[in-house]
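Here the structure is laid out as structure tokens; the discussion comes afterwards.
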Amino acid sequence: MGVTLGELVGRWHKVDDGGSTTPYPQEIEFFPDRTYRATGDGVRRPVWDEAEFDVLPDGSVRIQTAHDRRVTYAASLTGELLTLSADDDRVTYRR
């Protein structure tokens, strides 16, 4: 479980948000300099827009949100599917 920076870098497209009310971005791109850029669905501002992230030693991912909070997400990578979860929220992206 967990991811490395190298595994996370790249463009990801949302495939499932588990019915969450959190406006996760439709697309997110992680860059090697530990910044990211995300796009929403055009209806609501996504919880992640563009800021910094970090991959922690345990493979979890700390993301600076659109509201300048830093939230740590458990991360797992299965093939081309990246799942990030925190509390009761879970979102899955495909490379």
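Quick note: residue numbers are just sequence positions, from 1.
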Original post:
With no hydrogens and no angle check, is any side-chain donor or acceptor of Thr4 less than 3.5 Å from a backbone partner on Glu7?
Top reply: yes
Original post:
Nearest 0.5 Å, what's the CZ-CH2 distance between Arg94 and Trp12?
Top reply: 10.0 Å
Original post:
Any side-chain heavy-atom pair from Leu84 and Trp48 closer than 4.5 angstrom?
Top reply: yes
Original post:
Do Asp49 and Tyr36 come within less than 4.5 Å of each other through their side chains, counting heavy atoms only?
Top reply: yes
**OP:** Indicate, with yes or no, if Leu5 and Leu82 share a hydrophobic cluster defined by side-chain heavy-atom contacts under 4.5 Å among Ile, Leu, Val, Met, Phe, Trp and Tyr.
**Re:** yes
**OP:** Quick one: closest heavy-atom pair of Gly59 and Ala75, and the distance?
**Re:** O-CB, 3.6 Å
**OP:** Please name the pair of heavy atoms, one in Thr72 and one in Ala86, separated by the smallest distance, quoted to 0.1 Å.
**Re:** O-CB, 3.8 Å
Original post:
Rounded to the nearest 0.5 Å, what separation is found between the CZ atom of Arg70 and the CD1 atom of Ile63?
Top reply: 11.0 Å
Original post:
For Arg95, which residues count as a salt bridge (Lys or Arg N to Asp or Glu O under 4.0 Å) partner, sequence neighbours excluded?
Top reply: Glu80
**OP:** Can you measure from CD (Glu27) to OG1 (Thr39) and round to the nearest 0.5 angstrom?
**Re:** 4.5 Å
**OP:** Enter the distance from Asp88:CG to Thr22:OG1 here, rounded to the nearest 0.5 Å.
**Re:** 10.0 Å
**OP:** Flag yes if more than 12 heavy atoms outside Arg37 fall under 6.0 Å of its CZ atom; otherwise flag no.
**Re:** no
**OP:** Would you mind reporting whether Asp16 and Arg90 have side-chain heavy atoms less than 4.5 Å apart?
**Re:** yes
**OP:** Could you tell me whether the side chain of Val3 reaches within less than 4.5 Å of the side chain of Val61, counting heavy atoms only?
**Re:** yes
Original post:
Is the number of heavy atoms from other residues, nucleotides or ligands under 6.0 Å of Asp87 CG greater than 12?
Top reply: no
**OP:** Step through the shown structure and confirm whether more than 12 heavy atoms of other residues, nucleotides or ligands are within 6.0 Å of CG on Asp58.
**Re:** yes
**OP:** Decide yes or no for Thr92 and Thr83: does some side-chain heavy atom of the first lie under 4.5 Å from some side-chain heavy atom of the second?
**Re:** yes
Original post:
Angle class for the Tyr73/Tyr24 ring planes (parallel below 30°, perpendicular above 60°, tilted otherwise)?
Top reply: perpendicular
Subject >> Derivation and outcome, salt bridge (Lys or Arg N to Asp or Glu O under 4.0 Å), residues Asp54 and Arg34 >> reply: CA-CA 6 Å; Asp54 199 14; Arg34 298 179 190 267; 2.6 Å; yes
Original post:
What distance separates Phe53 CZ from Thr35 OG1, expressed to the nearest 0.5 Å?
Top reply: 7.0 Å
Subject >> Closest non-hydrogen atom pair between Ala74 and Ser60, with its separation >> reply: CA-CB, 4.3 Å
